[in-house]
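Chain letters run A, B, ... following the sequence lines, proteins first and then strands; every chain starts at 1.
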Protein chains: 2
Amino acid sequence: MSETAPRPTLEAVAARAGVSRATVSRVVNGGDGVREPLVERVRQAVDELGYVPNQAARSLVTRRHDAVAVIIAEPETRVFADPFFALQLRGISKELTAHDNQLVLLLTEGRDDHARVARYLAGGHVDGALVFSLHLDDPLPGLIQGAGVPTVFGGRPGWSDGTPDVVYVDSDNRGGAREAVRLLAGLGRTRIAHISGPLDQTSAADRLDGYRQVVGDTGPLLVVESDFTPGGGERAMRELLDRCPDVDAVFAANDLTASGVLRVLRERGRRVPEDVAVVGFDDMLPVAEQTDPPLTTVRQDIEEMGRIMARLLLRRLDRRGDDGEPGGGVVLPTTLVRRASA
Amino acid sequence: MSETAPRPTLEAVAARAGVSRATVSRVVNGGDGVREPLVERVRQAVDELGYVPNQAARSLVTRRHDAVAVIIAEPETRVFADPFFALQLRGISKELTAHDNQLVLLLTEGRDDHARVARYLAGGHVDGALVFSLHLDDPLPGLIQGAGVPTVFGGRPGWSDGTPDVVYVDSDNRGGAREAVRLLAGLGRTRIAHISGPLDQTSAADRLDGYRQVVGDTGPLLVVESDFTPGGGERAMRELLDRCPDVDAVFAANDLTASGVLRVLRERGRRVPEDVAVVGFDDMLPVAEQTDPPLTTVRQDIEEMGRIMARLLLRRLDRRGDDGEPGGGVVLPTTLVRRASA
DNA sequence: GCGGACGGCGAGAGCGCTCTCATGTGACCC
DNA sequence: GGGTCACATGAGAGCGCTCTCGCCGTCCGC
């Protein structure tokens, strides 16, 4: 088992097929400009020897790695509490795989890791990077931009306004929030509250913004900041009920928060949706479908987001040198999913 | 930005420091056998030029990549429904990072991907592999063993009995299950049921086994097979109640299943734990703490599992050629976490 | 004070591949 | 039928690194 047989080289294949290394290389890389009988002979030699190109040697000369780093900052916070990143990863993985690219996963925690990541990127091990950074003040994105590696961000970076050449993919958080709140208003609710996520994350800020845009005109603004977790949702809801007992609708910043909200409402004997209507955000299936009552929520296609991020990056990589790439964000639409809670 | 400055090479550093390439190489790789003043001069040149070694060139000659593949088979099934893999990934990532290894993530779906993964591994892009394969009949593990890449499995592979040189890390599913059921028996319950996971997964099979070992002596075996999901738990619990209305305890194969179980019990007006005691498995915090009532469950340290897998693999890689490695499994203990449901 | 051992350093080969460029071969045109 | 061109193929350089080897200077032992 540890007797790893020496892997065949281009040379070996060439010898077996009776051609030159160059020809084998051509065949292996698509076979353009090689006549059919030769192609066939080379293919056969490749099969017989079980030849697989040595990526290191190839990278050395092409300066291409066909690998992309996926950088997820501060996993502890949130990543692993909900399937959000997992779904994105799946989307990314599918797209990368379809284009024969590898996915190098970098999870970072804290400042020490930043230097490591920066070094890694600067080291030119990967052709590009997909970056998830949740917090406004995260220095990581800056470091990455500095490393000169083509990058696509997941979620609108907070500082993206100043730097126009930033490429990102995000859900239409504002629009989704507006839709959610409009639904509640359309149901005749007049005291619509919002339990937000941590406002140093753009997704939370944008959802709050959407809420404001709709409610600002018609009713009182009732906002409690929370943290995207069920426990946080509970705490926020209790506070909200104490402060404002006559609330008749809640737009929660995400489904996890909404699940906490529902629990508190049940505990306090408020009927949902009769007394208080509740809308979530994400449409995270295991959560939204399992709440009692099932949750009306704003769906975002997370896997698709991942896929698009990867696609954008790969396209950018193909066009290396063209620059002239406009940059900017891609904002994906959300859809309202009506269940029983509103 | 697309004006990527040509990265400095060893040669450049050597020139600047006034030494040979070989000496720079020595310094960069630890500096053994180089006298202090020279080391200093080289270090300085490295810093000034911002030199980072070209990994491709290095790999080409060392045949080391300092990269490990993490292969997760069939993500759709389960991976992303619960934070299980995410936690393992975190553990793996930490350990790999600590040893300057990269994590290449390969998610596979269906048979076509198997060939791709096999090719990738055979291609020698990575030094080793960590493999999660849930199902007994999955051909992937075989392919991987065949590729001759050092591998550690997550969870006991179903076929591991025949092949002694398989290395894996698993939780003590049997022992944990025994402990759970003993608790229930200790509470005086006499009609203890088990809602299992899919029995083509060893974790599910082992938990069932543990249940059998304890209940077999004292009470009737009441088993319904399910699928590790809340919905599956609901269905199984309904079936169980119909078939055996006097059940007074349920050991669910995991927390997600248990959450479904609790929902059905509430719906049918059975009090937990008074009428029916419930124990889960995993201690998945967002689930176990949020159920009503909070779930008594068997905790496994999933992140630690990941960390140990990585550690085992790295150790194996260091010892390359030594063989004589015994192989076999590492089984991590579980602990019972008492909450309100039993 | 001289021979040998030893340790620091440089020269150079070569890892496996791609890619340019030269060369060879056949088709095609007048 | 000879010249031309297009295109298929081979020869060879070189990507950036590691590592062996040999040289040379230093230090020790006798």
Tell me, which of residues 48-61 of chain A have any heavy atom that sits under 4.0 Å from an atom in DNA chain D? L60(A), V61(A)

Does anything in residues 37-46 of chain B come within less than 4.0 Å of DNA chain D? Heavy atoms only, and list the residues if so. none

Under 3.5 Å, is there a donor-acceptor pair between the E48(B) and Q44(B) side chains? yes

If we count only N and O atoms by modelled type, under 3.5 Å, do the side chains of R63(A) and N54(B) hold a donor and an acceptor together? no

Of all heavy-atom pairs between [X] and [Y], which one has the smallest distance, and what is that distance?
X       : Y       : result
H99(B)  : E95(B)  : ND1-O, 3.0 Å
V52(A)  : R119(B) : CG1-O, 4.3 Å
L313(B) : P150(B) : CD1-O, 3.5 Å

Neighbours of DNA chain C within residues 21-30 of chain A, by heavy-atom distance under 4.0 Å: R21(A), A22(A), S25(A), N29(A)

Under 4.0 Å from any heavy atom of chain A: name the first and the last nucleotide of DNA chain D that qualifies, 5' to 3'. dA8(D) to dG16(D)

Residue whose closest nucleotide on DNA chain C lies nearer the 5' end, E11(A) versus V34(B): V34(B)

By side chain to side chain contact (heavy atoms under 4.5 Å, CB included) - contacts of V331(A) (at least two apart): D172(A)

pair V167(A)-T151(A): side-chain heavy atoms closer than 4.5 Å: no

Can you measure from CZ (F153(B)) to CG (L312(B)) and round to the nearest 0.5 angstrom? 12.5 Å

Spatial distance of atom CD (Q88(B)) from atom CD (E303(B)) [nearest 0.5 Å]: 10.0 Å

Testing L103(B), L130(B), I302(B) one by one against L89(B) for a side chain to side chain contact (heavy atoms under 4.5 Å, CB included), which residue passes? L103(B)

L121(A), V131(A), D127(A), V68(A) screened by side chain to side chain contact (heavy atoms under 4.5 Å, CB included) with V149(A), the one that passes: L121(A)

Please identify each residue that fulfils ring-ring contact (aromatic ring centres under 6.0 Å, His included) with H125(B), with sequence neighbours left out. Y120(B)

